[in-house]
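Only one structure is covered here, and it is reproduced in the block below.
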Amino acid sequence: MAKGPGWFDRFVNDLPERRWFQFLSNIVVVPFWAAIDPRPKLPGGARPAVQPSESLQRMMNLIMPLKNKSPVGRAMAAMVISQNIDEIFTGLDNVGTIHFARFIIIDDKLCMLSVYDGDFSNYIRDFIVAIGNVFDGILSQVEDGDDVIPTRDNVEKFIDWVHDRDLFQLPDFATDIFALQDAAMNRPAGSPPHSLDELPRAMILQLKANPNFSLGGGYRGYAGFSVAQIRQKFGLGW
Amino acid sequence: MAQHDSWSDPRGLAARFHLSKEGEPEIATDLIAMTLPEYFTPTVDTFLAFAEMAKPTPYRRESAWRKIWDLLNLKIPQPDPYPGEIISPYEGAMDYARSNDFSKYSIYQVSMIGAPVSYARAAYHAVHTFIVTGQDGTRRWVRFTWTPTVGVLPRDQNEKPQDHYLAHELRHRLSKGAVEFCLMMVIGEVGDDFADSSRAWGSQRQRVNMGTLTLDKIAEDQLADCEHISFNPMRLIDGIEASDDPLLRARLETYEASRKARDGAVCPFSRS
Amino acid sequence: MSKTLNLNELQGNILRGYRADLTHVRYLLLEVVDLSDARRFLAASIEGVTPGVPKLTTAAHWADKKPHMCFNIGVTYEGLKALGTPASSLATFPIEFVEGMTHRSLKLGDFGPSAANQWPAPFDRPDRLHLIATIYAVDRSHLDEVQDQVAQAFSVLGVRDARARTDANVLGPQYAGDGSPNNRVFFGYADSISQPKFNHLTDAQPAKTSDSSPLGTVLLGHPTRMEGVMFGVPSPKVLGLNGSFNAFRVLAQDAHGFEQYLDQAAEELERALGDRMDQLLPVDGELLIGFQKGQRREALREIVAAQMCGRWRNGTPVANSPSHPIFDIPNRDQAEAFNAFGYQAPSACPVGAHIRRTNPRDGAVVQRGSNLSRQMVRRGMPYGPDFDAAKPDNEERGLLGNFIGANLGAQFEAVMCDWLNLGLLHPDITGLNDPLIGANTPETSAFDLLLLDGTSYRLRGFPRFVQTRGGAYTFLPSLPAIEYLSKLKSR
């Protein structure tokens, strides 16, 4: 029977917890791998699927760095939202496919998080028609937003802009990331084959390319129903 | 034989629903579930190839140098064997996963599945697709999962390994009160492969709460009331049918062989 | 913007369909191999005076100079690249077009046997599919002649023949299987009855009614149905303006499977409806549907076919006439009036019916304001051998579909992935796909037949009747844009 672990084994087992090792990994090992085996930035948002439920209650996680990174800038962003409550409710009532929308400021970033039904670009397009001016107000506060103002005149460009800033959603099944990376690099899936122990590296390098992730496509308490179905069921009109 | 309860491994939960009324011939349906949410492979042939490849091989602790190499490669070093663990399917399974994409997720999951602190604190998946018929005649392709009402709680894998605790824990827990599981049914949709149990369904499918299983006592005579019961995933009452999943069909024979090996009773209401 | 359109500058297949006697149709799937040959051909096709090069058909009225042949082209994104369009211009095209139909096919419901990786050549190589040329002609020899001419300038990767229907009064006294296959598509329906109409050729007064659609529905650079919102016009303006986009689809129809399913459904209804039968097929209802007394199963088949489509097979809208088709509409004006129906509740047409999903008219939809904004022009032509229900075979046949609009994402894709499949437009059908052409499997499909008393009966277990066998997104450039492309210098 083999001997128990010696001091060196114990030392190595603890390496991932050591600050100095983490530091070295971060400035040497990860950049090294990112240089020789880079992963492309993966597109954000929910991916198309045949299953109807996967087109319902989809998540949008839009992260927009503010132009003015100070309490003043954050307050200006807060004001845009608070001055447009009528517009926002009108949009909710008429676009008809939105479950929840939230605006959050985190570290000089304005985040717009929503749960919606159906196709992403039509969701955004319908919103521009209904409340394009609110988007214009938001865009005036964030980096690169001026490129797509007014949204009414830049519909396609704005949809791409949002898509580009919508967080990549890690698949429900983590190992599916290999196939997404292959597709983004125009390689047939699984060629060359991926070893399972490369999953941590695939994940680390992807998080280097997309620093912010949505972990999974979200978890739902009553999955598989649209806004209109729920409103109809409870007699709220749709 | 030592039961290495704290080792990382899937656990199972087989339930038999006795559905006949007083005085009627006995009818029942079985539901066999495990803590892994999908199988390793979709077909019998691939399963045999997997079983061959994932045969346990001698398992030794990875050298410290090898672990450093892994870390530099942004890989997670292979876990150290448990005391007394001298063989493992780890290497063969990893090789299999490399060339078979369908098995990647299940092997990834099983490699991290750990052990529950209690049989009552794990979720159990029946994995295969079944066809259930509603009262209005509607047939739905579904999968079942037992979820413990007190929640899932895995054991801390850094703790010292411990044998023989699960049965004792359950006995102790039941002495204080009953344990409950919700039976959740997930409804399959267009685009789902109902014959492939190596692929779990995504988190967006509709989930229906079908009822609660209350576990209030442990059979006194384990041999007679447990070991000798021959569970069979194809024992299904009217209203539940097996899907075309080839592994589900193959399990009928496997369970029969296993029953013989355990000297279990022939199923008293076997339809064959 | 209120400048009157110059019809000579538009390709002729966008605003209207071609004359009924141009019954032979051919699609040529082309690759640019010699850039100078391709450019010379495009330049010459505008004037149409060079021998050996067909003239592009414009939207100009023909008056009494009716041609024997019409010729039009669409260019894929790969085609624009191959013709040397500068990157700065390519970057202004919308993402749907840039990615192409192959890449976006999952969104269109193409999976399993319909998946893009199952499409036959030349659709397996979207990188080589550069142009799709369309020829309409009175006879086959004209098709061959033009194909030979085109082959001098491009590599012909594939040829698909189809036939146009006659443009007869489809509400007339015809009936499925009456020996007039040319005005019907497979499955036996009269098709292409209701289209957006463009009655005005200026933008000065954008149309507000469903009778007439704003030009921006199909032409880039004009007002759309969406207030204050226009679709982006690719630059330079000469390339983008007055262009349009087309979703070209090869849709194989399982005519035999469809008729078999109707048998199965009729049998099920006879068995299951019991007392409620009167609410679907009133006493002697089969006579009004065109059958002999007692042919109730035959009548039930037609009711299922009618409700799934939203029209009886002769074209009568179910919304207008829920229990039988109408055979005696004397003239075209009355036919048009009859077609101006709506879906105001309570409608006799099931919400899940094909034509109601694809064009909800004035019916309530979840996405308010989208009732008309997703409308597009459809031009479909049957291909493959005639189908005889008495002697069924397994030959491939179906429809070559063209779905034309100013924005693929806002029109074709929006309808395909939100409404036709998924059924997001109405809570009663959300989660269910179109019964006729949707991405169905027998395990999951369902359709609610509407009974006369307003209750419904759910049919299940029908397969997918239409499989996708290829397709591409093309840009339909204006004639000035084709001239621009022909004069590019790069590459």
Side-chain angles (χ1 to χ4, degrees), chain A residues 1-13 15-16 21 24-25 28-30 32-34 37 46 49-58 171-176 178-179 189-190 192-205 216-225, chain B residues 37-38 58-81 83-86 90-91 93-112 158 186-192 199-208:
Chain A
M1 182 135 172
K3 284 189 299 173
W7 71 268
F8 187 51
D9 291 289
R10 287 196 298 273
F11 171 76
V12 172
N13 283 351
L15 273 184
F21 185 81
L24 278 182
S25 289
V28 181
V29 184
V30 172
F32 168 79
W33 281 107
D37 190 12
V50 174
Q51 290 80 359
S53 68
E54 305 217 3
S55 290
L56 299 174
Q57 301 185 28
R58 309 172 107 196
D172 279 340
F173 310 113
T175 47
D176 288 358
F178 289 127
H194 304 282
S195 174
L196 254 190
D197 60 4
E198 287 166 18
L199 183 62
R201 189 199 302 159
M203 201 72 80
I204 291 166
L205 296 177
Y219 302 92
R220 297 155 181 84
Y222 45 91
F225 297 99
Chain B
E38 65 277 305
Y59 190 39
R60 276 183 288 273
R61 189 172 64 238
E62 236 182 22
S63 78
W65 293 110
R66 171 82 210 180
K67 286 181 183 170
I68 292 175
W69 180 247
D70 283 341
L71 290 172
L72 293 177
N73 276 283
L74 298 178
K75 293 179 178 179
I76 297 172
Q78 186 178 309
D80 286 347
E85 188 181 22
I86 50 169
Y90 184 86
E91 227 170 281
M94 293 295 271
D95 276 350
Y96 189 82
R98 183 180 155 78
S99 43
N100 294 283
D101 281 346
F102 55 74
S103 70
K104 277 198 168 68
Y105 192 62
S106 52
I107 291 174
Y108 162 74
Q109 283 204 309
V110 80
S111 72
M112 311 197 311
N158 293 321
V186 183
I187 302 176
E189 296 183 21
V190 60
D192 287 331
R199 179 84 185 171
W201 294 342
S203 62
Q204 283 100 322
R205 304 289 178 288
Q206 288 179 3
R207 296 190 305 278
V208 184

Derivation of the side chain to side chain contact (heavy atoms under 4.5 Å, CB included) call for B/I68 and A/F8: CA-CA 11 Å; B/I68 292 175; A/F8 187 51; 4.0 Å; yes
Residues forming a side chain to side chain contact (heavy atoms under 4.5 Å, CB included) with B/V190, sequence neighbours excluded: A/V50, A/P52, C/F111, C/N433, C/T441, C/T444
Any donor-acceptor N/O pair, A/Q51 side chain to B/G191 backbone, under 3.5 Å: yes
Partners passing ring pair (Phe, Tyr, Trp, His ring centres under 6.0 Å) against B/Y108 (at least two apart in sequence or in another chain): B/Y105
Contact summary for B/K75 and A/D197, nearest pair of heavy atoms: CG-O, 3.2 Å
Which atoms of A/L15 approach chain B - backbone, side chain, both or neither, heavy atom under 4.5 Å: side chain
N/O donor-acceptor pair under 3.5 Å between B/K104 side chain and A/S195 backbone: no
Exam field: side chain A/D172 to backbone B/S203, donor-acceptor pair closer than 3.5 Å: yes
Between OG on residue B/S111 and CG on residue A/L199, distance to nearest 0.5 Å: 9.0 Å
Which portion of B/D80 sits near chain A, non-hydrogen atoms under 4.5 angstrom: side chain
Portion of A/F32 that has a non-hydrogen atom of chain B nearer than 4.5 angstrom: neither
Selection from B/M94, B/K67, B/E62, B/R205 maximising heavy-atom pairs under 4.5 Å formed with chain A: B/R205
Chain A contact via B/A93 - side chain, backbone, both or neither, heavy atoms under 4.5 Å: neither
Shortest non-hydrogen contact from B/L71 toward A/V29: O-CG1, 4.3 Å
Interchain contact, A/A202 with chain B, by part (heavy-atom threshold 4.5 Å): neither
Contacting region of B/I187 [heavy-atom separation from chain A under 4.5 Å]: neither
Interface residue of largest heavy-atom contact number with chain B, from A/F225, A/Y222, A/Y219, A/F21, under 4.5 Å: A/F225
Top of B/R98, B/Q109, B/R207 for chain A proximity - count of heavy-atom pairs under 4.5 angstrom: B/R98
Residue, of B/D101, B/D192, B/I76, that accumulates the most heavy atom pairs under 4.5 Å with chain A: B/D192
Chain B contact via A/E54 - which portion, at a heavy-atom distance below 4.5 Å: both
Flag, side chain of B/Q204 to backbone of A/S53, donor-acceptor distance under 3.5 Å: no
